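This one's a predicted model, so the numbers in the text were calculated from it and none came from an experiment.
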Amino acid sequence: MATKKCSAKQVTFKISAPNAKDVRLAGDFNSWDPSNANLKKSKDGVWKRDLTLKSGRYEYKYLVDGQWQRDPLNNLFVSNTFGTENSVIEL
């Protein structure tokens with residue numbers, strides 16, 4: 001009998017911040033540690049990062065020049081313990 005593997009999916013996180021100097025990503029998937037989760041800026045001012053995530057539900061936010069920001073392209077979000085909102089992705 002074959003064991004079923006947990007499916008993983010490639011997810012592209014992106015945010016438009018043409019004037020930003022530094023954009024990072026933090027969430028459940030990296031223990032909310034933005035230190036090694038920087039995004040790359042494209043010529044059109046959109047910052048992107050691809051991650052491979054297992055199926056599940058994740059909360060996340062962007063750190064844009066030191067300011068936490070919910071994903072403006074994602075209408076799914078929840079309140080957090082800091083009185084702000086986290087974006088939610090379900091795979």
Side-chain angles (χ1 to χ4, degrees):
M1 190 167 174
T3 54
K4 191 175 180 183
K5 289 171 98 178
C6 205
S7 60
K9 295 182 181 172
Q10 179 94 358
V11 181
T12 300
F13 290 90
K14 60 185 177 180
I15 184 169
S16 179
N19 298 321
K21 302 279 187 266
D22 183 62
V23 178
R24 297 173 183 268
L25 176 66
D28 296 336
F29 41 77
N30 66 358
S31 301
W32 291 94
D33 181 7
S35 64
N36 63 355
N38 53 323
L39 281 71
K40 299 261 189 266
K41 185 178 182 181
S42 59
K43 290 179 183 171
D44 60 1
V46 176
W47 296 74
K48 296 180 184 176
R49 180 170 181 129
D50 293 331
L51 290 181
T52 302
L53 300 175
K54 292 180 182 176
S55 296
R57 179 185 178 277
Y58 301 95
E59 293 183 24
Y60 68 97
K61 286 183 110 163
Y62 293 104
L63 189 60
V64 180
D65 288 340
Q67 299 293 312
W68 289 105
Q69 186 174 329
R70 170 165 85 74
D71 187 345
L73 300 175
N74 183 352
N75 292 326
L76 190 58
F77 57 89
V78 295
S79 296
N80 63 31
T81 57
F82 300 103
T84 61
E85 297 162 339
N86 294 341
S87 297
V88 176
I89 186 170
E90 294 185 26
L91 306 173

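- In this structure, OG in S42 is found 9.5 Å from CH2 in W47, a value given to the nearest 0.5 Å.
- Within the structure, salt bridge (Lys or Arg N to Asp or Glu O under 4.0 Å) contacts touching residues 41-52 (residues at least two apart or in different chains) do not occur.
- One hydrophobic cluster, built from ILVMFWY side chains closer than 4.5 Å, holds both I89 and L25.
- Note that the NZ atom of K9 and the CG atom of L53 stand 10.5 Å from one another [nearest 0.5 Å].
- V11 is connected to L39 through a chain of hydrophobic side-chain contacts under 4.5 Å among Ile, Leu, Val, Met, Phe, Trp and Tyr, so both are in one cluster.
- The salt bridge (Lys or Arg N to Asp or Glu O under 4.0 Å) analysis of residues 72-81, with sequence neighbours excluded, yields no pairs.
- A donor-acceptor pair is defined here as one N or O able to donate and one able to accept, closer than 3.5 Å; such a pair exists between the side chain of Y62 and the backbone of K14.
- More than 12 non-hydrogen atoms from other residues, nucleotides or ligands lie less than 6.0 angstrom from CD of Q10.
- Closest non-hydrogen pair, S7 versus S55, comes out as OG-OG, 2.8 Å.
- In the hydrophobic clustering of ILVMFWY residues, with side-chain heavy atoms under 4.5 Å counting as a link, Y58 and L51 come out together.
- Using a 4.5 Å cut-off between side-chain heavy atoms of Ile, Leu, Val, Met, Phe, Trp and Tyr, with links allowed through other members, V78 and L76 fall into the same hydrophobic cluster.
- Sorted by first and then second residue, the salt bridge (Lys or Arg N to Asp or Glu O under 4.0 Å) pairs with a member in residues 63-84 read R70-E85; sequence neighbours excluded.
- Taking all atoms of both residues into account, the shortest heavy-atom contact from W68 to P34 is CH2-CG, 4.2 Å.
- For F29 and F13, the ring centers are positioned less than 6.0 Å apart.
- With sequence neighbours excluded, the residues that form a salt bridge (Lys or Arg N to Asp or Glu O under 4.0 Å) with R24 are D22.
- Here D33 pairs with S35 under the side chain to side chain donor-acceptor pair (under 3.5 Å) rule; sequence neighbours left out.
- Residues passing the side chain to side chain donor-acceptor pair (under 3.5 Å) test with K61 are T84, sequence neighbours excluded.
- Screening V88, N30, N74, N86 against Y60 for a side chain to side chain contact (heavy atoms under 4.5 Å, CB included) leaves a single residue, N74.
- With hydrogens and angles ignored, the 3.5 Å screen pairs no side-chain donor or acceptor of D28 with any backbone N or O of S31.
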